[in-house]
Amino acid sequence: MIYIGLTGWGDHDSIYPEHIKSTNKLAEYSSHFPVVEVDASFYAVQPVRNAEKWVNQTPDSFRFVVKAYQGMTGHQRGDTPFSSKKEMFEAFKESLKPYLNAGKLALALFQFPPWFDCRKENVTYLRYCKQMMGEIPVALEFRHQSWFSDRYRAETIDFMKGEGWIHSIADEPQSGEGSIPVVPVATNANMTMVRMHGRNVHGWNKSGNANWREVRYLYNYNKDELLEWKQRIADLERDTKDIIVLFNNNSGGDAASNAKTFQSLLGIEYEGLSPRQMDLF
């Protein structure tokens, strides 16, 4: 099955009725899409009560991609609120229990930063992450192009297959070492993920600018670009059972419309979504 959705549910104004309360947005979101990425978990390991609430607001067929806490992927600058890495991983796994118990966890996403390059100590750390996560399905997304350089590409893919990592394939601007090429290869027979970050080359690496986060994902995919991915998805379906496609190009509010266009191009009609609210006034 192909699951198409967005990263987060708070910022997609085009799919919500006017004056909707923030507490009702996830339920309304799940009337449009069957999957969502939880971004709040990157900034802080979420209380179990939050996951319980989100699970209860969505239909039985809904799925969550939960982003790994930043301290687990090396994004965290400074101290974490945990006394050890083990404690940090255990707290994150505890926060996943409501999704697991409800059968709604698609996977946990480990997205590593642009400075996490292909070298021995980082490969060792990836093995540690996989070991700590146990049987929980985990996806791996790189941001340093060395992992898919001519020298290491085949070894990286073989490593991911051997360790059981789900490949999170990125569509993103090609802007030097801090970006990776499109590598449409499935490394897990059960699941593959695609994250559509947009192709805003000029905004991608300008982290020193005050409004960097606002423009980084400012991009609107055109039909031809989405048709490229239609073919790639068809190719990936031969090697993997389920595919999750998440649109992250949300700086200009284009993610939802691009996701719906892509769904239409693939001819997908989802069943089991939440009923939509009626906006009468």
Side-chain angles (χ1 to χ4, degrees), residues 3 5 7-8 35-52 54-55 62-76 80-113 115-144 147 155-170 180 183 185-195 240-244 246 248:
Y3 298 82
T7 56
V35 65
V36 75
E37 179 178 308
V38 179
D39 294 324
S41 54
F42 174 78
Y43 300 100
V45 174
Q46 295 297 296
V48 168
R49 66 178 181 274
N50 285 359
E52 290 174 341
W54 298 332
V55 161
F62 196 80
R63 297 292 179 267
F64 291 89
V65 169
V66 183
K67 199 169 184 181
Y69 172 59
Q70 60 184 331
M72 297 159 61
T73 54
H75 288 86
Q76 179 77 33
T80 72
F82 302 100
S83 62
S84 66
K85 274 193 166 53
K86 182 179 180 182
E87 181 186 353
M88 180 168 55
F89 272 84
E90 292 299 331
F92 180 70
K93 287 192 290 183
E94 182 69 20
S95 75
L96 299 179
K97 284 186 176 179
Y99 306 109
L100 289 164
N101 292 340
K104 292 187 177 184
L105 181 69
L107 54 87
L109 168 63
F110 282 69
Q111 178 198 295
F112 285 88
W115 54 88
F116 188 84
D117 59 351
C118 186
R119 49 196 167 101
K120 185 176 181 180
E121 52 263 48
N122 287 340
V123 173
T124 299
Y125 184 68
L126 290 176
R127 287 197 171 97
Y128 172 81
C129 292
K130 189 66 176 64
Q131 179 183 4
M132 290 298 295
M133 293 302 292
E135 297 300 315
I136 296 171
V138 286
L140 177 56
E141 182 174 327
F142 295 113
R143 280 283 166 86
H144 194 283
W147 296 94
E155 291 180 67
T156 296
I157 292 170
D158 287 345
F159 167 79
M160 292 173 71
K161 288 179 178 179
E163 294 288 319
W165 285 99
I166 295 165
H167 190 188
S168 177
I169 303 166
I180 59 170
V183 182
V185 177
T187 60
N188 185 291
N190 292 319
M191 182 77 72
T192 299
M193 188 157 70
V194 176
R195 293 176 83 231
T240 192
K241 180 187 173 200
D242 292 327
I243 301 172
I244 295 174
L246 296 173
N248 190 37

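Judged purely by atom type and a 3.5 angstrom limit, Ser41 has no side-chain atom pairing as donor or acceptor with the backbone of Val66. With Thr192 contributing its side chain and Ala186 its backbone, the two residues share no donor-acceptor pair below 3.5 Å.
Under the side-chain hydrogen bond (donor to acceptor under 3.5 Å, both in side chains) criterion, Glu52 pairs with no residue, sequence neighbours left out. Judged as a side-chain hydrogen bond (donor to acceptor under 3.5 Å, both in side chains), and not counting sequence neighbours, the contacts of Lys104 are Thr58. Residues passing the side chain to side chain contact (heavy atoms under 4.5 Å, CB included) test with Glu90 are Lys86, Lys93, Met132, sequence neighbours excluded. Applying the ring pair (Phe, Tyr, Trp, His ring centres under 6.0 Å) rule to Phe112 yields the partners Phe116; only residues at least two apart in sequence or on another chain are considered. When the side-chain hydrogen bond (donor to acceptor under 3.5 Å, both in side chains) test is applied to Thr80, no partner is found at least two apart in sequence or on another chain. With sequence neighbours left out, the ring pair (Phe, Tyr, Trp, His ring centres under 6.0 Å) criterion links Phe64 to Phe62, Tyr99. The ring pair (Phe, Tyr, Trp, His ring centres under 6.0 Å) search around Tyr125 returns Tyr128, not counting sequence neighbours. Among residues two or more places apart in sequence or in another chain, the side chain to side chain contact (heavy atoms under 4.5 Å, CB included) test is passed with Asp242 by Met1, Tyr3, Met191. For Gln70, the side chain to side chain contact (heavy atoms under 4.5 Å, CB included) partners are Phe42, His75, Gln76, not counting sequence neighbours. Among residues two or more places apart in sequence or in another chain, the side-chain hydrogen bond (donor to acceptor under 3.5 Å, both in side chains) test is passed with Ser83 by Glu87.
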Subject >> Candidate pair Leu140 and Trp147, rule side chain to side chain contact (heavy atoms under 4.5 Å, CB included), full reasoning >> reply: CA-CA 12 Å; Leu140 177 56; Trp147 296 94; over 6 Å; no
Subject >> Chi angles and distances behind the side chain to side chain contact (heavy atoms under 4.5 Å, CB included) call for Tyr69, Phe110 >> reply: CA-CA 8 Å; Tyr69 172 59; Phe110 282 69; over 6 Å; no
**OP:** Quick one: do Cys129 and Phe89 satisfy side chain to side chain contact (heavy atoms under 4.5 Å, CB included)? Show the steps, please.
**Re:** CA-CA 8 Å; Cys129 292; Phe89 272 84; 3.8 Å; yes
**OP:** Would you please test Thr7 and Val36 for side chain to side chain contact (heavy atoms under 4.5 Å, CB included) and show each step?
**Re:** CA-CA 6 Å; Thr7 56; Val36 75; over 6 Å; no
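Atom NZ of Lys130 has more than 12 heavy atoms from other residues, nucleotides or ligands within 6.0 Å.
When all heavy atoms are compared, the tightest approach of Ala106 to Val65 is CB-CG2, 4.1 Å. The two atoms that bring Arg143 and Pro113 nearest to each other are CB-C, 3.8 Å, heavy atoms only. For Phe92 against Ala68, the heavy-atom pair with the smallest separation is CZ-CA, 3.7 Å. Nearest approach of Ala108 to Met133, heavy atoms of both residues: CB-CE, 4.1 Å. Residue Val45 comes nearest to Ala91 through the heavy atom pair CG1-O, 3.6 Å, listed as atom of the first residue, atom of the second, then distance. Smallest separation of non-hydrogen atoms from Pro98 and Val55: O-CG2, 3.8 Å.
Atoms CG and CG, from Asp117 and Asn122 in turn, are 5.5 Å apart once rounded to the nearest 0.5 Å. Between the CG atom of Leu100 and the CD atom of Glu94 there is a distance of 10.5 Å, given to the nearest 0.5 Å. Distance check, rounded to the nearest 0.5 Å: NZ of Lys97 to CG of Leu105 gives 13.5 Å. For the atom pair Asn188 CG and Lys241 NZ, the distance stands at 11.0 Å (nearest 0.5 Å). The structure places CD of Gln111 at 6.0 Å from CG of Leu109, a figure rounded to the nearest 0.5 Å. The CH2 atom of Trp54 lies 4.5 Å from the CD atom of Gln46; values are rounded to the nearest 0.5 Å.
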Without placing hydrogens or testing angles, list every side-chain donor-acceptor pair under 3.5 Å for residues 158-169, not counting sequence neighbours.
unit_1 : atom_1 : unit_2 : atom_2 : d
Glu163 : OE2    : Arg127 : NE     : 3.3
His167 : ND1    : Val185 : O      : 2.7
Ser168 : OG     : Glu141 : OE1    : 2.7

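Using a 4.5 Å heavy-atom threshold, the side chains of Ile157 and Thr187 count as touching. Considering only heavy atoms from C-beta on, Leu246 stays 4.5 Å or farther from Val194 through its side chain.
Residue pairs satisfying the salt bridge (Lys or Arg N to Asp or Glu O under 4.0 Å) criterion with at least one member in residues 37-50, sequence neighbours excluded, are listed as follows: Glu37-Arg195.
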